[in-house]
Amino acid sequence: MKIATWNINSLRVRLPHVLRWLESQRPDVLALQETKLPDPDFPAEEFTRLGYHAAFSGQPAYNGVALLARAPLTVEATALPDFDDAQKRVLFAHLDEVHILNLYVPNGQSLDSDKYQYKLRWLEQLNRWLTQLLREHPQLVVLGDLNIAPEDRDVHDPKAWEGGVLVSSAERAAFRSLLEQGLQDSFRLFHQEGGHYSWWDYRAAAFRRNLGLRIDHILLSPALAGRCLGTHMDREPRGWERPSDHVPVITML
DNA sequence: ATGGTTGGCTTCCAA
């Protein structure tokens with residue numbers, strides 16, 4: 001089973017990339033973040049044509065998540081439980097036995113921002129929910145743009161990033177809490193070295209110079225981690241015309 | 001070199 005996640009930074013702009021990528025990679029599941037589309041505008045029929053079922057939860061201009069899958073999807077939630085949030089960042093669904101939680105974690109903007117406090121509260125509530133999800137669903141995938149580089153080896157220049165969002169100790173502690181509950185970082189099951197990133201800033205030719213961060217992740221419950229065959233980033237679409245600033249992360253189960 | 005680029009209910013905000 002091939003499962004992927006990709007922050008596409010506007011599905012309106014990136015639809016040709018998503019269709020091209022689906023045709024060449026044929027994943028069983030593709031989770032999208034930052035669709036930036038209200039639900040009535042979601043181009044579901046474009047994916048139906050390629051044999052994909054679609055589930056989506058979006059809003060105008062910001063945020064928005066979607067799941068595309070070759071098997072029928074059953075949506076179970078579109079928000080964190082008991083958390084008042086107008087922003088569409090969560091899509092929880094299952095296909096057959098496998099449950100997938102697609103997340104677009106808040107960016108946080110800067111450590112002194114209200115948005116950073118919102119991010120930390122959001123992650124705290126996610127951790128609370130995860131306890132229940134792991135108990136109820138042995139085959140659980142948690143994936144998406146988690147907007148956290150878990151360790152210094154996930155950052156091209158840890159000194160330059162010190163004091164910023166995506167790398168702060170509170171965010172990293174929240175990420176570790178996910179792992180302490182039993183999830184495994186599928187990429188780190190296979191690769192130990194630094195230099196592998198999923199996002200590069202559009203500015204300063206960051207991709208060409210590999211000035212990136214590993215902030216998009218596929219986390220697996222113990223049962224799924226035990227049968228995982230590999231996880232990698234596909235850098236190819238970052239070289240296409242008008243690319244997203246993120247690339248797909250792919251795991252094989 | 002405290003910059004730079006992209007997308008969107010665009011003349012600013014979010015990333």
Side-chain angles (χ1 to χ4, degrees), chain A residues 5-21 31-43 46 56-66 79-80 85-91 102-123 126 143-150 154-168 170-172 174-175 197-217 233-249:
Chain A
T5 179
W6 193 7
N7 179 322
I8 38 88
N9 184 21
S10 170
L11 184 54
R12 242 189 267 279
V13 172
R14 229 68 66 191
L15 180 62
H17 283 204
V18 176
L19 295 174
R20 175 178 173 184
W21 196 81
L32 300 175
Q33 302 85 36
E34 287 204 87
T35 54
K36 300 186 175 181
L37 280 180
D39 289 345
D41 293 350
F42 193 89
E46 300 277 357
F56 40 91
S57 178
Q59 66 184 85
Y62 302 109
N63 309 311
V65 284
L80 298 178
D85 191 359
Q87 304 188 21
K88 303 297 188 185
R89 300 178 171 279
V90 172
L91 188 55
N102 177 17
L103 301 174
Y104 175 46
V105 174
N107 171 283
Q109 197 166 64
S110 63
L111 267 57
D112 59 1
S113 166
D114 291 347
K115 297 189 182 72
Y116 180 69
Q117 296 306 319
Y118 161 68
K119 179 178 193 173
L120 295 182
R121 286 199 314 275
W122 201 98
L123 288 166
L126 170 64
L143 83 182
D145 178 357
L146 303 193
N147 263 324
I148 301 170
D154 301 308
V155 180
H156 69 90
D157 186 347
K159 273 223 171 76
W161 276 86
E162 209 176 314
V165 286
L166 315 185
V167 305
S168 75
E171 291 163 83
R172 285 178 167 178
F175 185 92
Y197 309 126
S198 65
W199 169 84
W200 301 259
D201 199 298
Y202 279 122
R203 296 165 288 186
F207 180 65
R208 184 176 55 74
R209 300 156 68 200
N210 199 29
L211 309 181
L213 269 66
R214 194 176 70 93
I215 56 176
D216 301 86
H217 304 286
M233 273 65 95
D234 178 12
R235 296 159 58 104
E236 195 194 325
R238 194 61 159 82
W240 296 348
E241 195 182 342
R242 255 187 127 185
S244 169
D245 46 352
H246 298 248
V247 297
V249 183

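In the text below, chain A, chain B and the rest are named by the order of the sequence lines, each starting its count at 1. What's counted below: heavy atoms across the whole structure, side chains too, no hydrogens, waters or symmetry copies.
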Within this structure, what is the [atom1]-to-[atom2] distance between [X] and [N], rounded to whole angstrom?
{"X": "A/Glu34", "N": "B/dT5", "atom1": "CD", "atom2": "P", "answer": "19 Å"}
{"X": "A/His246", "N": "B/dT6", "atom1": "NE2", "atom2": "P", "answer": "14 Å"}
{"X": "A/Asn107", "N": "B/dC13", "atom1": "CG", "atom2": "P", "answer": "16 Å"}
{"X": "A/Lys36", "N": "B/dC13", "atom1": "NZ", "atom2": "P", "answer": "16 Å"}
{"X": "A/Asn63", "N": "B/dC9", "atom1": "CG", "atom2": "P", "answer": "12 Å"}
{"X": "A/Trp200", "N": "B/dG4", "atom1": "CH2", "atom2": "C1'", "answer": "18 Å"}
{"X": "A/Arg12", "N": "B/dG8", "atom1": "CZ", "atom2": "P", "answer": "7 Å"}
{"X": "A/Arg89", "N": "B/dA15", "atom1": "CZ", "atom2": "C1'", "answer": "11 Å"}

Are OP1 or OP2 of [N] and a side-chain N or O of [X] less than 4.0 angstrom apart?
{"X": "A/Ser10", "N": "B/dG8", "answer": "yes"}
{"X": "A/Arg242", "N": "B/dG7", "answer": "yes"}
{"X": "A/Arg14", "N": "B/dT6", "answer": "no"}

Donor-acceptor pair between [X] and [Y] side chains, under 3.5 angstrom:
{"X": "A/Asp85", "Y": "A/Tyr118", "answer": "yes"}
{"X": "A/Trp200", "Y": "A/Asn210", "answer": "yes"}
{"X": "A/Asp216", "Y": "A/Trp6", "answer": "no"}

Original post:
Can you tell which of B/dA14, B/dC9, B/dG7 lies closest to the side chain of A/Ala61?
Top reply: B/dC9

Subject >> Of the listed nucleotides B/dA14, B/dC9, B/dT5, the one nearest the side chain of A/Tyr202 >> reply: B/dT5

Original post:
Between A/Ala204 and A/Asp145, which is nearer to the 5' end of DNA chain B once each is assigned its nearest nucleotide?
Top reply: A/Ala204

Original post:
Between A/Leu11 and A/Gly108, who's closer to the 5' end of DNA chain B by nearest nucleotide?
Top reply: A/Leu11

Original post:
Which residues in residues 210-217 of chain A have at least one heavy atom lying under 4.0 Å from any atom of DNA chain B?
Top reply: none

Subject >> Cationic tip of A/Arg20 above A/Trp240 ring, under 6.0 Å, 45° of axis >> reply: yes

Original post:
Taking the same atom, P, in B/dC9 and in B/dG4, what whole-Å distance lies between them?
Top reply: 25 Å

**OP:** Using the C1' atom as the reference point in each nucleotide, state the distance between B/dT10 and B/dA15 in Å, no decimals.
**Re:** 15 Å

Original post:
Side-chain contact, heavy-atom cut-off 4.5 Å: A/Gln33 with A/Thr5?
Top reply: yes

Original post:
So, does A/His17 use its side chain to make a donor-acceptor pair with the main chain of A/Glu241 at under 3.5 Å?
Top reply: yes

Subject >> Interatomic spacing from CD in A/Gln117 to CG in A/Asp114 - rounded to 0.5 Å >> reply: 7.5 Å

Subject >> Interatomic distance, A/Phe56 atom CZ to A/Asn102 atom CG [nearest 0.5 angstrom] >> reply: 13.5 Å

Original post:
So what does A/Tyr104 touch, heavy atoms closer than 4.0 Å: a base, only the sugar-phosphate, or nothing?
Top reply: sugar-phosphate

